[in-house]
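Data block below; observations after.
When a ligand or atom number is given, it counts from 1 through the structure's own listing order. Just so it is clear, the structure is predicted and the values come from calculations on it, not from any experiment.
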Amino acid sequence: MRICVVGTGYVGLVVGTCLADQGFHVTCVDRDKGKIAGLNAGRIPIYEPGLEDILRRVSREDRIEFTTQSRSAMANADVIFIAVGTPPSEDGSADLSAVLTVASEIGENITGPTTVVIKSTVPVGTATKVRAAISAATDHPVNLVSNPEFLKEGAAIADFTHPDRIVVGCDSDEGVRVMQTLYGGLVRTGRPIVFMDNQSAEITKYASNALLATKISFMNELSRLCEAVGADIEAVRMGTGSDSRIGPKFLFAGAGFGGSCFPKDIRALGRMGEEAGVTLEIPGAVERINARQKKLLGEKVLARFGPDLSGKCIAVWGLAFKPRTDDVRESPALVLIRQLLAAGAAVRVTDPEGMDEGRCALHGVSGSIAYVESALDAASGADAAVLVTEWSEFRNPDFAALKRVMRSPILFDGRNVFVPSVVRDAGFEYHGVGRTPPPRA
Ligand SMILES: NC(=O)c1ccc[n+]([C@@H]2O[C@H](COP(=O)([O-])OP(=O)(O)OC[C@H]3O[C@@H](n4cnc5c(N)ncnc54)[C@H](O)[C@@H]3O)[C@@H](O)[C@H]2O)c1
């Protein structure tokens, strides 16, 4: 089978590379000429652990190519994946313009029966719209498959190649057969391909992200209660997460969630409810809690030092929205840095992979920001250090060295990665999220 993947971003590039690694021939298409030129010159536009090795191997074996020419790529494909972005519109709904543009191009360019797979995260009813856009331009039969992607940035290769499940929404036997062939190599260990109708597949993606985001926001909300009454959210997490009905994952209180998916998908789910005349209460609550939580670290710093941070220098550890990615979209670190700068602080920031993206995202923001190479460098001369992204590089600092370089030994732990007593014993003032405050002097 010849595969065409349209959209060569975090999802499209991983999907294309991993399918090429499964032995298929893949053509990756993107309208971004710079990205395609870079890929053809061997430059990978994103940081994703493990991706580079596989990409180099499948490129050497001529199983993957990159182009801006959708016409020939689509004309020659048996299967076309749509993996373009679906960013939020003004009203919070998913912007389908890129998806529908690609659908029209598919209609114009296919030369025979084709399976079209929607990988992008799209609201319920999109498969019908995509089918209509394709059929408006061609009489060739099309199997339309809704196949949402569940990979996590930072672990995308493992998630794609060892999925918990693969969700396939489809109403044709041929579509089912094609997807079984495509994914056969990935489900040999018994993980299921869950077949369903297109609408249910579309909702399943939003349901999964919304449930995960809800767990996080619920714990973040409880962390405020813990702080107010002198309880420890970490103990509460251990106590609840060990219940097998609840599970230990996504229960960490912290600086709020970011990234390209949870925030926009929560918003889009709320809009989907409104459009269907069904009021969904939870997505709005999750979004509000998260927006408030992203301001928490800045508020803690301001509460500690007062509203005017002129003359203060604050170290920020982390720009990426989570470890093992360079993606800073909707990252809590950006909210914190803006708060600090607005209050007059100088900021020294570091991130193992997210510096370029962070610099772009903060371009034009006024104030003093220094981008430096290490956590220790960031802390040099700082009045406090704030951990926002829990990179392993930040988890075990040399506290003695840190204390020597900082102006005052104050640590804000935005992900509760440190043991408070260890930090305090090292001579630091410690501020976590929802953790028992130190006894008053
Ligand atoms: N990033 C994730 O972790 C993740 C996980 C699961 C699902 N998703 C979903 O997958 C989709 C893609 O996400 P992403 O993070 O890869 O986005 P991205 O922004 O990284 O990449 C999208 C790519 O599509 C290209 N593109 C846009 N319009 C195009 C067009 N008309 N023709 C050709 N190329 C076009 C862009 O140039 C870009 O390279 C979204 O719907 C997202 O919600 C993302």
N/O to N/O below 3.5 Å, does that happen between [X] and ligand 1?
X      : result
Arg329 : yes
Lys264 : yes
Val11  : yes
Asp265 : no
Thr121 : yes
Lys205 : no
Lys35  : yes
Asp30  : yes

Which bit of Ala94 gets closer than 4.0 Å to ligand 1, counting heavy atoms only: side chain, backbone, both or neither?
neither

With sequence neighbours excluded, residues passing side-chain hydrogen bond (donor to acceptor under 3.5 Å, both in side chains) with Arg292
none

Look only at the side chain of Ser93 and the backbone of Ser89, and say whether a donor-acceptor pair between them is shorter than 3.5 Å.
no

By number and element, which atoms of ligand 1 are closer than 4.0 Å to a non-hydrogen atom of Ser260?
1 (N)

Thr86 heavy atoms within 4.0 Å reach ligand 1 at atoms 40 (C), 41 (O), 43 (O)

Residue selection (non-hydrogen contact nearest atom 33 (C) of ligand 1) among Glu149, Arg31, Lys33, Glu153:
Arg31

For ligand 1, is Glu48 a contact, meaning one of its heavy atoms is under 4.0 Å away?
no

Counting C-beta onward and ignoring hydrogens, is there a side-chain heavy-atom pair between Met1 and Leu182 closer than 4.5 Å?
yes

Aromatic plane relationship, Phe81 with Tyr183 - under 30° parallel, 30 to 60° tilted, over 60° perpendicular:
perpendicular

Distance-only check: which donor-acceptor pairs under 3.5 Å involve side-chain atoms of residues 127-138, not counting sequence neighbours?
| from | atom 1 | to | atom 2 | distance (Å) |
| --- | --- | --- | --- | --- |
| Ser135 | OG | Arg131 | O | 2.8 |
| Thr138 | OG1 | His140 | N | 3.1 |

Can you name the one residue among Glu90, Glu274, Glu287 that meets salt bridge (charged side-chain N to carboxylate O under 4.0 Å, His left out) with Arg267?
Glu287

